[in-house]
Amino acid sequence: MMRRRSIAAIAAVTTVLLLAGGGTAAAFWNATASVSATASSTTVATALAQSGELNTTYRYGGSTSTTATGALTITNNGGAPLTYTLANQVTGSATLAQKTALILWTGTCGATIPASGAVFTTLADRAPALPAAARSLAPGASVTVCVATRISGTDAASTNAALQGQSVTSAFAVTGAVGTSWTATASTAAITQNVYRLEAATNVTCTDGYRSAVLSWSAPANRPAGAAVAYRVYDTATGATVASVSSSNATASVTLDGYSFGRNGTYTLAIEAKDSTSGTTAPASTAIPVLRTTKLLFFPSLECA
């Protein structure tokens with residue numbers, strides 16, 4: 001006759017965390033939990049590696065951006081079969097997260113999304129479903145989950161101009177479980193996704209001309225290469241446009257005279273740049289004052305204040 005007795009054993013749950021991406025990699029082991037087992041126990045452990053170009057800045061026209069791609073490689077490096085779930089820790093712009101599609105699948109990774117078998121959700125989803133082939137792994141097995149993200153929508157709120165300057169950060173984690181008691185969790189480094197916004201014009205200067213003032217400035221450092229930038233010179237007190245200039249050069253300028261303003265006095269001007277490719281509008285430049293006076297023969301003059 002075989003005797004049976006309950007043996008209280010402590011099973012250490014070992015998590016192996018592998019971070020990959022951005023040219024760095026790290027691994028560490030962390031005992032995270034203890035569970036009671038009967039008769040015998042085995043190591044429960046998992047690893048998660050992230051790769052690709054999911055850290056990105058979207059610059060686009062219309063309502064749909066280009067696609068950012070990457071991969072999550074899940075490995076069961078313990079001695080028990082594991083059932084997997086995925087978690088997504090999201091911070092930053094909730095609007096951008098909701099407008100960003102998150103697509104997961106197994107097979108060939110890249111910008112081409114398979115017609116069937118892919119999971120479609122958004123970056124706002126804190127518990128995205130894994131593709132069927134990644135939901136369970138035998139001991140020693142691994143699977144690569146392809147990841148694609150893109151801003152996707154048909155409304156005006158999906159455009160670069162509507163989302164410009166917004167940012168969202170996401171960190172994925174997988175949990176492998178044996179039943180409900182034994183679990184192992186591994187996480188990735190966070191990824192950050194931004195929506196492009198044109199930077200402000202810089203180095204604004206004023207030079208006196210003949211009864212006129214010449215405003216000059218440097219183009220935004222992150223302007224699209226070779227694309228014309230539209231500049232609006234405006235009165236900061238009223239918001240009224242004083243002059244408009246379009247240029248693809250590294251610097252731009254405009255000459256203003258007394259007829260640009262309706263009456264004598266000091267006016268404070270700033271430059272607003274707009275990217276014609278994506279429709280984004282830069283923050284205002286540093287403001288600069290000019291002075292309108294009436295002198296010779298009652299003709300108005302303008303000079304740097």
Side-chain angles (χ1 to χ4, degrees), residues 11 13-21 27 32-33 35 41-56 64-90 96-153 168-191 193:
V13 180
T14 307
T15 299
V16 180
L17 170 58
L18 175 62
L19 304 179
T32 58
V35 295
S41 65
T42 186
T43 300
V44 179
T46 193
L48 181 63
Q50 178 176 283
S51 59
E53 302 297 331
L54 292 170
N55 285 293
T56 191
T64 302
S65 73
T66 54
T67 301
T69 59
L72 300 171
T73 300
I74 307 168
T75 303
N76 179 355
N77 46 20
L82 296 177
T83 299
Y84 281 93
T85 56
L86 180 65
N88 176 26
Q89 184 177 353
V90 186
L96 178 57
Q98 291 165 357
K99 293 291 182 181
T100 303
L102 172 65
I103 307 106
L104 308 169
W105 73 97
T106 54
T108 302
C109 296
T112 301
I113 312 301
S116 62
V119 174
F120 288 82
T121 183
T122 71
L123 208 58
D125 189 346
R126 294 185 177 272
L130 283 167
R135 294 174 189 172
S136 60
L137 288 177
S142 65
V143 64
T144 296
V145 178
C146 306
V147 182
T149 61
R150 63 185 174 218
I151 297 172
S152 181
V168 63
T169 297
S170 176
F172 296 108
V174 291
T175 297
V178 179
T180 59
S181 297
W182 294 7
T183 62
T185 298
S187 305
T188 66
I191 61 168
Q193 299 196 331

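Since this is a predicted model, take the numbers as computed values, not measurements. All residue numbers refer to positions in the sequence shown, counting from 1.
Val44 is not listed as a side-chain neighbour of Thr183, based on a closest heavy-atom distance of 4.5 Å or more. Looking only at side-chain heavy atoms (C-beta outward), Leu96 and Ile151 come within less than 4.5 Å of each other. For the pair Phe172 and Ile191, the minimum side-chain heavy-atom distance is below 4.5 Å. Side-chain contact between Leu48 and Ile74 is present, with at least one heavy-atom pair separated by less than 4.5 Å.
Listed by chain and number, the residues in a side-chain hydrogen bond (donor to acceptor under 3.5 Å, both in side chains) with Thr75 amount to none (sequence neighbours excluded). When the side-chain hydrogen bond (donor to acceptor under 3.5 Å, both in side chains) test is applied to Thr144, the partners found at least two apart in sequence or on another chain are Thr73. Listed by chain and residue number, Tyr58, Gln193 satisfy the side-chain hydrogen bond (donor to acceptor under 3.5 Å, both in side chains) test with Thr149 (two or more places apart in sequence, or in another chain).
The minimum heavy-atom distance between Val147 and Leu104, with the atom names listed, is CG2-CD2, 3.7 Å. Arg150 and Thr66 get closest at one heavy-atom pair: CB-O, 3.5 Å. The shortest non-hydrogen separation linking Ile113 to Ala118 is CG2-CB, 4.3 Å. Ser152 and Thr64 get closest at one heavy-atom pair: CA-OG1, 4.3 Å. Pairing each heavy atom of Ser170 with each of Leu123, the nearest pair is OG-CD1, 4.1 Å. For the pair Ala148 and Thr67, the tightest heavy-atom approach, listed with the atom from each and the gap, is CB-CG2, 3.8 Å.
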Candidate pair Val174 and Leu86, rule side chain to side chain contact (heavy atoms under 4.5 Å, CB included), full reasoning: CA-CA 5 Å; Val174 291; Leu86 180 65; 3.8 Å; yes

Under the side chain to side chain contact (heavy atoms under 4.5 Å, CB included) rule, what do Leu82 and Val178 come out as? Steps first, then yes or no, please. CA-CA 6 Å; Leu82 296 177; Val178 179; 3.5 Å; yes

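The main-chain N or O of Thr46 is found under 3.5 Å from a side-chain atom of Asn77 such that the two form a donor-acceptor pair.
Among residues at least two apart or in separate chains, salt bridge (Lys or Arg N to Asp or Glu O under 4.0 Å) pairs with a member in residues 96-119 are Lys99-Asp155. Sequence neighbours left out, the pairs with a member in residues 103-121 that pass side-chain hydrogen bond (donor to acceptor under 3.5 Å, both in side chains) are Thr121-Asp125.
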What pairs of donor and acceptor atoms, side-chain ones from residues 128-143 against any protein atom, are under 3.5 angstrom apart with sequence neighbours left out?
{"unit_1": "Arg135", "atom_1": "NE", "unit_2": "Leu130", "atom_2": "O", "d": "2.6"}
{"unit_1": "Arg135", "atom_1": "NH2", "unit_2": "Leu130", "atom_2": "O", "d": "2.8"}

